[in-house]
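In what follows, a single structure is set out as structure tokens and then discussed.
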Amino acid sequence: MSKNEAPPFTIRTVTWQDAGSVLRTIRERVFMQEQGVPPELEWDGLDEDCMHALAEVGEESVGCARLLRDGHIGRMAVLPTWRGHGIGQALLEHLIRIARQQGHVRVWLDAQVHAIGFYEKAGFTVCSDEFMDAGIPHRRMALALT
């Protein structure tokens with residue numbers, strides 16, 4: 001499948017209680033194995049209290065992200081073979097829709113510096129200096145929902 005050809009995928013809202021094992025598998029692969037994030041930083045104890053978005057291609061779970069109660073979007077991960085097909089954008093749009101439904105006036109995230117352009121295309125703006133998180137340079141970004 002070429003990068004221009006989007007696979008048929010779905011995004012659905014899940015809870016950690018219902019889908020934690022597949023969410024964990026995706027995040028371990030992307031953050032811990034690929035990016036070297038240590039387990040004690042990845043597993044922050046907040047997952048059970050978040051709304052999660054799960055991307056699926058057929059029966060395969062290929063991406064995820066979460067929304068915390070304070071409007072923080074995070075833990076956005078798409079498996080390497082599925083990047084470049086619009087799945088990350090769809091995950092982000094899904095969580096923004098949920099945040100609006102919950103009455104948030106803004107959402108924010110800590111973007112890895114290499115991904116700033118991706119979030120800017122979705123309307124986010126940088127609102128911090130660069131900082132390190134898990135040994136990876138980040139900048140905080142925000143999007144007003146009003």
Side-chain angles (χ1 to χ4, degrees), residues 3-4 6-7 9-57 60-146:
K3 286 242 185 207
N4 296 339
F9 62 87
T10 58
I11 307 292
R12 63 186 177 103
T13 304
V14 297
T15 65
W16 187 258
Q17 293 76 7
D18 293 335
S21 63
V22 294
L23 298 168
R24 181 178 285 276
T25 298
I26 294 167
R27 286 168 46 186
E28 284 175 347
R29 170 101 184 271
V30 172
F31 296 125
M32 296 166 65
Q33 294 172 14
E34 184 182 332
Q35 298 181 356
V37 174
E40 62 273 12
L41 295 180
E42 180 58 31
W43 309 120
D44 58 9
L46 301 175
D47 286 308
E48 289 187 10
D49 198 38
C50 293
M51 299 292 297
H52 295 268
L54 179 63
E56 298 167 310
V57 177
E60 184 182 1
S61 298
V62 301
C64 62
R66 73 180 188 186
L67 174 66
L68 283 76
R69 288 182 184 264
D70 65 357
H72 178 191
I73 293 173
R75 301 304 200 265
M76 191 137 136
V78 175
L79 296 178
T81 54
W82 293 104
R83 292 179 192 152
H85 296 291
I87 293 170
Q89 177 184 348
L91 285 164
L92 186 61
E93 289 172 357
H94 186 85
L95 290 181
I96 291 169
R97 249 188 328 276
I98 291 171
R100 277 194 173 100
Q101 291 167 357
Q102 291 178 346
H104 290 282
V105 295
R106 79 175 188 114
V107 289
W108 59 279
L109 52 84
D110 292 335
Q112 293 183 8
V113 168
H114 72 84
I116 287 174
F118 168 81
Y119 293 110
E120 286 176 332
K121 286 179 187 170
F124 284 79
T125 56
V126 172
C127 56
S128 81
D129 292 332
E130 190 172 301
F131 61 93
M132 298 299 283
D133 185 9
I136 302 166
H138 286 72
R139 292 187 74 182
R140 182 151 295 166
M141 301 184 77
L143 173 68
L145 300 181
T146 54

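Worth saying up front: this structure is predicted, and the values here are computed from it rather than measured.
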Whether the side chain of R75 engages the backbone of E42 through a donor-acceptor N/O pair (distance < 3.5 Å, no angle test) should be reported.
yes
Would you compute the distance between atom CG of L67 and atom NE2 of H94 and round it to the nearest 0.5 angstrom?
9.5 Å
About how many Å separate CD1 of I11 and CD of Q89, when rounded to the nearest 0.5 Å?
10.5 Å
Specify the closest pair of heavy atoms between C64 and I26, including all atoms of both residues, with the distance to one decimal.
SG-CG2, 3.8 Å
Does some side-chain heavy atom of Q112 sit less than 4.5 Å from a side-chain heavy atom of P137?
no
Set out, in order, the CA-CA distance, both residues' side-chain angles and the distance that settles side-chain contact (heavy atoms from CB on, under 4.5 Å) for F31 and L41, then state yes or no.
CA-CA 10 Å; F31 296 125; L41 295 180; over 6 Å; no
A side-chain contact here means heavy atoms from C-beta on lying under 4.5 Å apart; do Y119 and L143 qualify?
no
Give, for atom CE of M32 and atom CZ of R27, the distance between the pair rounded to the nearest 0.5 Å.
10.0 Å
Examine distances only and state if a side-chain atom of H52 and a backbone atom of D47 form a donor-acceptor pair shorter than 3.5 Å.
yes
The side chain to side chain contact (heavy atoms under 4.5 Å, CB included) partner of D110 among R139, M141, H138 is H138
Evaluate the side-chain proximity of V22 to L54: yes if any heavy-atom separation is below 4.5 Å, no if none is.
yes
Between E28 and W43, is any pair of side-chain heavy atoms under 4.5 Å apart?
yes
Considering all heavy atoms of both residues, which atom of F9 and which atom of G86 are nearest to each other, and what is their separation?
CZ-O, 3.7 Å
Please step through side-chain contact (heavy atoms from CB on, under 4.5 Å) for the pair V30 and R83, ending with a clear verdict.
CA-CA 11 Å; V30 172; R83 292 179 192 152; 3.8 Å; yes
I would like to know whether Q17 and E48 meet side-chain contact (heavy atoms from CB on, under 4.5 Å); could you show each step before the answer?
CA-CA 7 Å; Q17 293 76 7; E48 289 187 10; 3.6 Å; yes
Distance, nearest 0.5 Å, that separates SG of C50 from CD1 of I98:
11.5 Å
Might you work through the side-chain contact (heavy atoms from CB on, under 4.5 Å) test for W108 and D70, ending with a clear yes or no?
CA-CA 9 Å; W108 59 279; D70 65 357; 3.5 Å; yes
Counting only heavy atoms not in D44, do more than 12 fall under 6.0 Å of its CG?
yes
What pair of heavy atoms forms the shortest contact from V107 to A99, and how long is it?
CG1-CB, 3.4 Å
So, for I87 and A55, which heavy atoms are closest and what is the spacing to 0.1 Å?
CG2-CB, 3.5 Å
Just verifying a value: how many Å separate M51 CE and R69 CZ, rounded to the nearest 0.5 Å?
9.5 Å
Do D18 and R12 meet the salt-bridge criterion of a basic N to acidic O distance under 4.0 Å?
no
In this structure, NE2 of H104 is separated from OG1 of T146 (nearest 0.5 Å) by 13.5 Å
Test your reading of the model: is there a side-chain donor-acceptor pair from R106 to the backbone of G71, 3.5 Å cut-off?
no
Here the pair of heavy atoms bringing F131 nearest to R140 is CE2-N, 3.6 Å
Taking all non-hydrogen atoms of both residues, which atom of L109 and which atom of I73 are closest, and how far apart?
CB-O, 3.2 Å
